[in-house]
Amino acid sequence: MSSRPVVTRFAPSPTGFLHIGGARTALFNWLFARHHGGKFLLRIEDTDKARSTGEAIDAILDGMRWLGLDWDGHEYYQSQFWARHADIAHRMLESGAAYRCYMTPEELTGQREAAQRERRPFRIDSPWRDIAEEQAGKPFVIRIKAPREGETVIDDRVQGRVTVQNAEIDDFILLRSDGSPTYMLAVVVDDHDMGVTHVIRGDDHLNNAFRQLAIIRAMGWPEPVYAHVPLIHGPDGAKLSKRHGALGVDSYRDELGLLPEAVGNYLLRLGWGHGDDEIISREQAVQWFDLDHVGKSPSRFDFKKLENLNGHYIREADDGRLADLVATRLGLTDDQKPLLVEAMPELKPRANTLVQLADGAVFLFTTRPLDVDEGAASLLTTDSRALLAAAHGKLATLAEWDAASLEAAVREVAEAGGVKLGKLAQPLRAALTGRTTSPGIFDVLALLGREESLARIADQMEPNE
RNA sequence: GGCCCCAUCGUCUAGCGGUCCAGGACGUCGCCCUUUCACGGCGAAAACACGGGUUCGAGUCCCGUUGGGGUCACCA
């Protein structure tokens, strides 16, 4: 069975956006398939009509594309296979692997509550399990006749050998009273029909694996290899949820301003490691990824580390690409882009996210008079305003407006004024950018150009000058 | 509560019986570079949950305790 070509799948239910945990599951499946030269399939589990939305489907596909997780062939939609699911349930009924259960929901809750009261574990004990004849006209569900003796063992590729007593597995429902298939049935049938060989998913499904195996065995189908990956937890150690800002990947892109390669790299390293390697390209990941090195304990999500990684990828990214991304955020016109590209080498070492990058670039495009923030304003004292006037006078005479001439001129003014360079550079920065931090002041002058620079300086000069 | 799983620095992790007085990364704190802020460089503090075994030898194997997580629907 391990000689079968590898087929993995990602099977999200489109009830919300592609969240970060799902993205990691998808990444692991994708990586595993690519590593083995197999196929990676995508199946949308849209059987819950009430909660599934087209918007969510789009968000999932969009998120996967953004992360570079391409799937083979078209995407599957589980709801299209209802008839097939129902057919399997009926075949199990005929072979005696399942039965019609006429218990009402009320009877069931009654039993459940009784068990609760007596503080004993609840196990479905249907009186219909061994009754074959139909109760004409009465509603029923089809339940699996789960094994009651012995135990079931799963050799999970990440969890190891897990054993569960069959007595723990109850007669769960295959087909609801309205004839619709349950998730448990649908997953198994679809995975089988799609030829899935490796089921890699969150370990919140580990318990389900035993139930699903019961169906697989009843049908005599080949058993997939299971790999249950620990869930991602929030900073407090509990399962990542909306409460922790478990955002959709679209938020990581749009609101947080992260690059897909950073998110992918971070997710890869969360729960998986390859020696001391931290920065791992997609190519290396495909080459190195394996299930053996997936950790068994849940890991906590660390935004700081993600952000740092993103900073690394920003510094590594192409200036033109970064400029496009920032231009969109700032709503710039095409003719403003060249300046942004030119400034990018000075801008990008100062940012860990595109939000910060865009913020650091605004001074290039704001129009006079500038908004001067509090820190910058405190730098514009009477003395420094006089210094700015001196600098303005000197700079206005400059024949060449390049970094070298600019530096020489500014240093000269500082010296003539008997102050250290910083005493002049800081007010200059305040006047030119309205901020206390920016790229080097000579670069700022050069980037802004003669006319704009002189005008901004003049705006902040001593009034009586 | 039943069942299942997990347990190395604050966090992500390396470690697959000796080469570990435990390595890397993020974060934190110093120093250097420097007109600011970053980037970069150097350095520091920081962990094998606890208790029993097994073994010549245990972070690495076994058992227990404690702690954490997951799961117990006519949801997926």
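Since the model is a prediction, treat every value here as computed from it, not as a measurement. Labels below follow one simple rule: chain letters A, B, ... track the order of the sequence lines, proteins then strands, and each chain is numbered from 1.
- When rounded to the nearest whole Å, the span between CG of A/Asp48 and P of B/rA73 equals 17 Å.
- Rounded to whole Å, the separation between the P atoms of B/rU60 and B/rG53 comes to 15 Å.
- Residue A/Ser13 is in sugar-phosphate contact alone, with no base atom involved, counting any heavy-atom pair closer than 4.0 Å across all strands shown.
- The pairing partner recorded for B/rU71 is B/rG2, the criterion being a Watson-Crick or G-U wobble arrangement whose two distances lie under 3.5 angstrom.
- The line from CG of A/Leu206 to NE2 of A/His228 is 5.5 Å long, rounded to the nearest 0.5 Å.
- Across B/rU54 and B/rC62, the matching C1' atoms stand 7 Å from one another, rounded to whole Å.
- Qualifying side chain to side chain donor-acceptor pair (under 3.5 Å) partners for A/Asn265, counting only residues two or more places apart in sequence or in other chains: A/Tyr313.
- Between B/rU11 and B/rC50, the distance separating the two P atoms is 15 Å to the nearest Å.
- Evaluation of the side chain to side chain contact (heavy atoms under 4.5 Å, CB included) rule for A/Glu168 yields A/Arg123, A/Val164, A/Gln165 as partners, not counting sequence neighbours.
- For the pair A/Gln111 CD and B/rA73 P, the computed distance is 13 Å after rounding to whole Å.
- Judged purely by distance below 3.5 Å, without hydrogens or angles, the side chains of A/Thr152 and A/Asn166 pair a donor atom with an acceptor atom.
- Contacts of A/Leu175 with the nucleic acid, taken as non-hydrogen atoms under 4.0 Å apart, are absent.
- Separating the OH atom of A/Tyr183 from the P atom of B/rC72 is a distance of 11 Å, rounded to the nearest angstrom.
- Using a 4.0 Å heavy-atom criterion, one finds that A/Pro439 contacts the bases of the nucleic acid, with or without backbone contacts as well.
- A donor-acceptor contact shorter than 3.5 Å is absent between the side chain of A/His293 and the backbone of A/Phe289.
- With both pairing distances under 3.5 Å, B/rC37 is matched to nothing as a Watson-Crick or G-U wobble pair.
- The CD1-P distance, from A/Ile154 to B/rC3, rounds to 18 Å in whole Å.
- With a 6.0 Å radius and a threshold of 12 heavy atoms from other residues, nucleotides or ligands, A/Glu415 has its CD atom at or below the threshold.
- As rounded to whole Å, 20 Å separates atom P of B/rA73 from atom CD1 of A/Ile142.
- With a 3.5 Å ceiling on both atom-pair distances, B/rA45 lacks any Watson-Crick or G-U wobble partner.
- Applying the side chain to side chain donor-acceptor pair (under 3.5 Å) test to A/Glu55 and every residue at least two apart in sequence or in another chain returns nothing.
- In this structure, a donor-acceptor pair under 3.5 Å is present between the side chains of A/Asp171 and A/Tyr99.
- A/Val229 has its side chain within reach of A/Phe28: a pair of non-hydrogen atoms, C-beta onward, lies under 4.5 Å apart.
- The C1' atoms of B/rC16 and B/rU8 are separated by 14 Å, rounded to the nearest whole Å.
- A/Ser438 contributes no side-chain N or O that forms a donor-acceptor pair with the base of B/rC37 under 3.5 Å.
- Shown here are the ring pair (Phe, Tyr, Trp, His ring centres under 6.0 Å) partners of A/Trp128, two or more places apart in sequence or in another chain: A/Tyr102.
- Side-chain contact check for A/Asp178 and A/Ser180: at least one donor-acceptor pair (N or O, by modelled atom type) lies under 3.5 Å.
- With a cut-off of 3.5 Å on both Watson-Crick or G-U wobble distances, the partner of B/rC50 is given as B/rG64.
- Nucleotide B/rA25 forms a pair with B/rU11, judged by Watson-Crick or G-U wobble geometry with both contacts under 3.5 Å.
- Phosphate contact (OP1/OP2 of B/rA73, side-chain N/O of A/Arg143, threshold under 4.0 Å): absent.
- Taking atom C1' on both B/rC4 and B/rG27, the two are 34 Å apart, rounded to the nearest angstrom.
- Considering only residues two or more places apart in sequence or on other chains, A/Asp87 meets the salt bridge (Lys or Arg N to Asp or Glu O under 4.0 Å) condition with A/Arg91.
- Of the residues in residues 441-450 of chain A, those with a non-hydrogen atom less than 4.0 angstrom from any atom of RNA chain B are A/Ile441, A/Phe442.
- By the side chain to side chain contact (heavy atoms under 4.5 Å, CB included) test, A/Ser438 pairs with A/Arg429, A/Thr433, A/Val444, sequence neighbours left out.
- Of the C1' atoms belonging to B/rC39 and B/rU71, the separation is 47 Å, rounded to the nearest Å.
- Among the protein residues, A/Ser180 comes within range of no part of the nucleic acid, since none of its heavy atoms lies under 4.0 Å from any strand.
- Nearer to the 5' terminus of RNA chain B, by closest-nucleotide assignment, is the contact made by A/Leu421 (compared with the other of A/Leu421 and A/Thr182).
- Considering only side-chain atoms of A/Met184, the nucleotide from B/rG2, B/rG23, B/rA76 that sits closest is B/rA76.
- Here A/Arg217 pairs with A/Glu223 under the side chain to side chain donor-acceptor pair (under 3.5 Å) rule; sequence neighbours left out.
- Contact annotation for A/Asn208: base contact, defined as any heavy-atom pair under 4.0 Å involving a base atom.
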Contact state string [nucleotides 38-48 of chain B, B base, S sugar-phosphate only, - no protein heavy atom under 4.0 Å]: SSS--------
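- One atom, CG of A/Asp276, and another, P of B/rG23, lie 11 Å apart when rounded to the nearest Å.
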If the sugar-phosphate is the primed atoms plus P, OP1 and OP2 and the base is the rest, what is the B/S/- string for nucleotides 4-13 of chain B, using protein heavy atoms under 4.0 Å? SSSS---SBS
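- Separation of the C1' atoms belonging to B/rG59 and B/rC20 is 9 Å when rounded to the nearest angstrom.
- Comparing the same atom, C1', in B/rA58 and in B/rG2 gives a spacing of 34 Å after rounding to whole Å.
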Please evaluate residues A/Lys305 and A/Glu278 with respect to the criterion salt bridge (charged side-chain N to carboxylate O under 4.0 Å, His left out), reporting the C-alpha separation (whole Å), side-chain torsions for both, the decisive distance (0.1 Å), and the verdict. CA-CA 11 Å; A/Lys305 188 155 185 172; A/Glu278 296 287 346; 3.5 Å; yes
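- Remark: A/Trp288 pairs with A/His274 by the ring pair (Phe, Tyr, Trp, His ring centres under 6.0 Å) rule, at least two apart or across chains.
- A/Arg43 has its CZ atom 13 Å from the P atom of B/rA76, to the nearest Å.
- Base engagement by A/Arg51 is indicated by at least one non-hydrogen atom pair under 4.0 Å involving a base atom.
- Cation-pi geometry between A/Arg43 and A/Tyr76 is not met at under 6.0 angstrom from the ring centre and within 45 degrees of the axis.
- Within 4.0 Å of A/Leu108, counting heavy atoms only, lie sugar-phosphate atoms of the nucleic acid but no base atom.
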With 3.5 Å as the limit, what N/O pairs link the protein to nucleotides 31-33 of chain B?
none

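- One interatomic measurement links the two molecules: CG of A/Leu185 to C1' of B/rA76, which rounds to 14 Å at whole-angstrom precision.
- At the heavy-atom level, A/Arg411 lies under 4.0 Å from the strands shown only through sugar-phosphate atoms.
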